[in-house]
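Working notes, beginning with the structure itself.
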Amino acid sequence: MIGSIVALVVLPLIMARLTRWAAARRRRGLAAGRAVHFRCRLDGRKGRLLADPRLDGPVFLDRSGNATALPRGGEVVDATVANLAQPPFEKVGLRYRTPSGQVLRLGLATHDARTIGAWLGGQTHPALEPSRRRRLPTAPFWSVLALVVSLFVGLCAADFALLGEHTSAEVVRTTRDADGCIVSWDGGSQVATVDCDTTDVRPGDHIPIVALPWPFLGEALDPQTSLIVVAVFGGVPGLLGVAGALIVSPLACARRVRTVLRAGPASTPQAAPNDKEDQENEETWPSLEDGLNHASLAAAARHNDRHAPGPRVTPPRRGAGRTSVSPRVWVLITLLGTNAWFLLLLSCAAVLDDYFDLGHWRFLVLGTVAIACLARIGWFITDRSALCGPVLRAARSATGDDAWQPMRYVRLRQGPGELALVLFRPEGGDVAAPVLIQWISRSRGSGRRTIGGPAPVGDALIHDTGVGPLICEIDGVRYLPRSRAIDTAADPALTRVELRALAESHVRPAGRR
């Protein structure tokens, strides 16, 4: 019983904090001089950042086998959160200026960005010299997860073995189709079905069983079959986890190091002739013939307003000088707007009312789901609560403040009430590339059965809250964000795919008039 309670409570918490714990392990391994290979992107290229004592310095190795040296001692210019996947899988776009003046864009996991930024900038102690005894690289994520699964199975097995009642039961009836036996014990007051060998067991025989503790009272297990199940479902993940930490990860790290050494000296980024933001934006968007410039997106937005079915977009009911959504409503939606509530209510209803006759196993399975949902809701509230204060302060700040920057926007929408503002710099004309994408919260329109939002194309004042979301003021109305802003330069390839899918939904199919 104690093992079941510990497993049900500890496992969801471990799953919720596994990412942070893995990032902390990589940070400690980096400080201790161990080999740590980070997943990252360099100027849109996927690969690994190798921090390995066998190399002279940090090297980025892309999937094509090209190595790029990243000299330390530079400066981290800024870091922006780019929510390019479904929450909570967020990435941080880190801009790093090398000692030679070249600005590089690194896409890293949320909790690895601070570690890499401080390490590249030389804000941490240098890595220790490798000792004669070679240190193993940090264990990969999947091996740690396999060890957690093995630990959970071991806790359940220990619970059944130590707290269960080992007794002898009488076979009442055998079921050859299911290869099981219906047994009774405690004078016939307890009856359950266990696995058994129907070829050797006959009704009236006595076989050893383990009567399970709470919350599985009235259930029993065959010791021999249970031992095989535990060995398979607990031993196999455990072996995979140990093999990943002791064999697979060291071999993979050694292979990457050999690839870098075989390729010769890693290429060093050349100094940029001019470190202006406009030139960096043009470098990250080398081709605009895919139609993702201001003119094409504006045409798609105007076409959608004229021809798209569904509710129209009109100015929001809350007029000039107000926010599009009430701040109280926005805070509640921001803190409680996770879909984990649905699974929590469904699992609680299934636990309380066994309509589908799931038996006592529903406490273990659905209870784990419910606790995981509670952990998800708690993490969501903790993560989003840090956004509320800066966003509300920015929404109440004076318009004449220097923090408000003029930009051009194109309003696109995906589904009913889902509006996105694609932001451009004031200069650049029709061929300007998008800079930021900010999804805005839903609001009611001034007309009947309409969506509240700005015009398809126009000018806006942008206030950066400093925590990811942007406040956009258009025609005197300040639109509260729905999520963190997306920096198009953090991952140009993925952003281009998302923008193209969003824009193509606004265009009439070819061949129609």
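Quick caveat: nothing in here was measured; it's all calculated off a predicted structure.
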Show which side-chain atoms of residues 475-482 pair as donor or acceptor with protein atoms under 3.5 Å away, not counting sequence neighbours.
residue: Arg478; atom: NE; partner: Glu473; partner atom: OE1; Å: 2.7
residue: Arg478; atom: NH1; partner: Ala395; partner atom: O; Å: 2.5
residue: Arg478; atom: NH1; partner: Ser397; partner atom: O; Å: 2.7
residue: Arg478; atom: NH2; partner: Ser397; partner atom: O; Å: 3.1
residue: Arg478; atom: NH2; partner: Thr399; partner atom: OG1; Å: 2.7
residue: Arg478; atom: NH2; partner: Glu473; partner atom: OE1; Å: 3.2

Item to check | Check: Thr314 side chain, Ser446 main-chain N or O, donor-acceptor pair, under 3.5 Å | outcome: yes
Checklist entry - With sequence neighbours excluded, what pairs up with Arg114 under the side-chain hydrogen bond (donor to acceptor under 3.5 Å, both in side chains) test? => result none
Next on the checklist: Holding to side-chain hydrogen bond (donor to acceptor under 3.5 Å, both in side chains), I want the full list of residues that pass it with Trp439, two or more places apart in sequence or in another chain.
Outcome noted: none
Checklist entry - Is it true that a side-chain atom of Arg48 and a backbone atom of Leu61 form a donor plus acceptor pair closer than 3.5 Å? => result no
Checklist entry - Sub-3.5 Å donor-acceptor pair from the side chain of Trp404 to the main-chain atoms of Ala398, do we have one? => result yes
Checklist entry - Can any side-chain N or O of Gln438 pair as donor or acceptor with the backbone N or O of Ser483 at less than 3.5 Å? => result yes
Item to check | Heavy atoms from other residues, nucleotides or ligands near CZ of Arg39 exceed 12 (cutoff 6.0 Å) | outcome: no
Item to check | CA sep, side-chain torsions, deciding dist, call: Thr115, Asp112, side chain to side chain donor-acceptor pair (under 3.5 Å) | outcome: CA-CA 5 Å; Thr115 301; Asp112 289 335; 5.2 Å; no
Item to check | salt bridge (charged side-chain N to carboxylate O under 4.0 Å, His left out) against Asp62, all qualifying residues, sequence neighbours excluded | outcome: Arg45
Item to check | Partners passing ring pair (Phe, Tyr, Trp, His ring centres under 6.0 Å) against His294 (at least two apart in sequence or in another chain) | outcome: Phe424
Item to check | Donor-acceptor contact below 3.5 Å, side chain Arg97 vs main chain Gln102 | outcome: no
Next on the checklist: Can a donor-acceptor pair be found, under 3.5 Å and without considering hydrogens, that links the side chain of Thr465 to the backbone of Pro390?
Outcome noted: no
Checklist outcome for this item: Across all chains, not counting sequence neighbours, the side-chain contact (heavy atoms from CB on, under 4.5 Å) partners of Pro311 are Ile451
Checklist entry - Is the closest basic N to carboxylate O distance between Arg411 and Asp305 below 4.0 Å? => result yes
Checklist entry - Does the Arg408 side chain pair with the main chain of Gly429, one donor and one acceptor, at a distance under 3.5 Å? => result yes
